[in-house]
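Worksheet for the structure shown next.
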Amino acid sequence: MSRLNELVFVPLGGVGEIGMNLALYGYGKGKARQWLAVDMGVAFGKEDLPGVDAVLPDISFLRSHKKALAGIAITHAHEDHFGALFDFWPQLEVPVFMTPFSAGLLAAKQAGEPGAPKIPVTIVRQGDAITAGPFEVEYVPVSHSIPESNALAIRTPAGLVVHTADWKLDPTPLLGLPTDEARLRALGEAGVLALICDSTNAIRDGVSPSEADVAAVMEEQIAAAPHRVIVTTFASNVARLRTVALAAQKAGREVVVVGRAIHRALAVAAELGYLQGLKPFHDQDAFQRLPRDKVVALMTGSQGEPRAALARVAGGEHRAVRLARGDRVIFSSRTIPGNERAVNAIINALVDAGMEIITDRDALVHVSGHPRRDELRQFYAWTRPQILVPVHGEALHLHEQAKLARAAGVPEVVETRNGGMLRLAPGPAEWLENVAAGRLYRDGKLLLDPQVSGLADRRRMSWSGAVFVSIVMTAGGELEDDPQVALIGLPLTDDDGETFQAIVEDTVDEALDNLPGRRRRDAGVVRDTVRRAVRSQLDTVWGKKPPTVVLVTYLEA
Ligand SMILES: [Zn+2]
Ligand SMILES: [Zn+2]
């Protein structure tokens, strides 16, 4: 055990992937460390995880150090940073820190999710600091794509760490505070030991456009639209909702809100004074009533979510909103990887129905909330860290930021992955060990270890369906009745028109006929023989071997 007080950094999520951010800082002697968790987020399920709503980091390491966990500091209210709190807080029950807007969204989410735990939150205002164990944590304002985003300046007796979380250098964010250059310079002056930094856009040159640039384009787009305008965007991007509302106002149009998530975000924003200067919004029932050239609708569903408003509007199934040829639909959003197919389906349906579609390919109707290369360089120059650790990105993003930081002259640049424990002080930054890390699937009401989640079988069945056979025999091995066969997800017939039902039944009969009587009294032999015969026959006629379950029952003599 080390005799010196060490400062270590251990990411449990978000390093080597986009999403499920969870970072730990440990301070103390060897294993007697105290811990601070920064963020507790989710990643979303993809098509290769059928039925999985969200992917979460494995927190078994954190659970086993729960008594030494001083608190959880949340940087901002995006789901990839605070979406796992309801799942994990009851296992940890430690103080949670976040800003008023984040706390408002958490409370609104809690009210909308039956059974969600009530988490006692300690509110931190931007610019203020809190103390958790040996950590002093200052919330430093940064621009991003949700109100009240923060970098954390984490002070320990072993040195100062700046954990950037998600940020950009937008000098005109239009809502909330811009990235606090003066404060970051002052931290650099005082001496930053390590910078743990967002890598999302590290492969992109230059500087991200400003929210003010989007506002100018949005004004043009809305003013030039001949009929109705629908804008879909991320509900929590209140600056964007405001941008759209102001552009509508300028064009003499009323704003209608369609979708629960936007209503929820607006209610929280209104409470905190973020909607000042805006005319009241209308509810969805006003949409059809307003003249076509006097309305702008803010709508949920930019990611193609099947139950959100836009998907239902595109399908002609929305109760209050029907579009007509020539209406303009603006996607003020980026399609998150994995959602492309769903979003494209909606766009195609809208195009087929005669709508005019504007995406960020056509005009600057969206900007990213993450720093490009020139912004990263600027941040290094302000904070002048001794050590840089790239986080919040896939392998390529992390590696590109590492190269950029080296070229910019950062003395120590360390690439790491989830579960890797890095010592930041004392001495040069160094890998110490790997702790338990991994992922969990949120599947309905359960949190599952991928190994025992059933996902492998679920994927296989999504490819080829499944076959079930039930065989009932006497103790002597004679068939009591015809075997029962049930198929799920198989085609009805083969190329010759023979039904798969008949094909499987015949194959089962034949396999049993060929088994000598003695062997028919062994359930294992019967099961394996029938299973192999069915799969082999289906491979011959279909070219696929679906999962096959054979149940064998013997009646008492
Ligand atoms: Zn993020
Ligand atoms: Zn974010």
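Counting starts at 1 for both ligands and their atoms, in listed order.
For the pair ND1 of His78 and NE2 of His144, the angle at the Zn ion (ligand 2) is about 90°; rounding is to 10 degrees.
Nearest N/O/S atom of Asp80 with respect to the Zn ion (ligand 1) is recorded as OD2. Note on His76: its N/O/S atom closest to the Zn ion (ligand 2) is NE2. Minimum-distance N/O/S atom of Asp166 relative to the Zn ion (ligand 1): OD2.
The number of heavy-atom neighbours closer than 6.0 Å to CD of Gln276, taken from other residues, nucleotides and ligands shown, is 12 or below. Heavy atoms from other residues, nucleotides or ligands lying under 6.0 Å from CZ of Arg260 number 12 at most.
Ion pairing of Asp87 with Arg442 is present here, as a side-chain N (NZ or NE/NH1/NH2) and a carboxylate O approach within less than 4.0 Å. Salt bridge status for Arg373 with Glu400: present, with a side-chain N to carboxylate O gap under 4.0 Å.
Counted by atom type alone, Thr75 and Asp39 present one or more donor-acceptor pairs between their side chains at under 3.5 Å.
At least one N/O/S atom of His392, from backbone or side chain, sits under 2.8 Å from the Zn ion (ligand 1).
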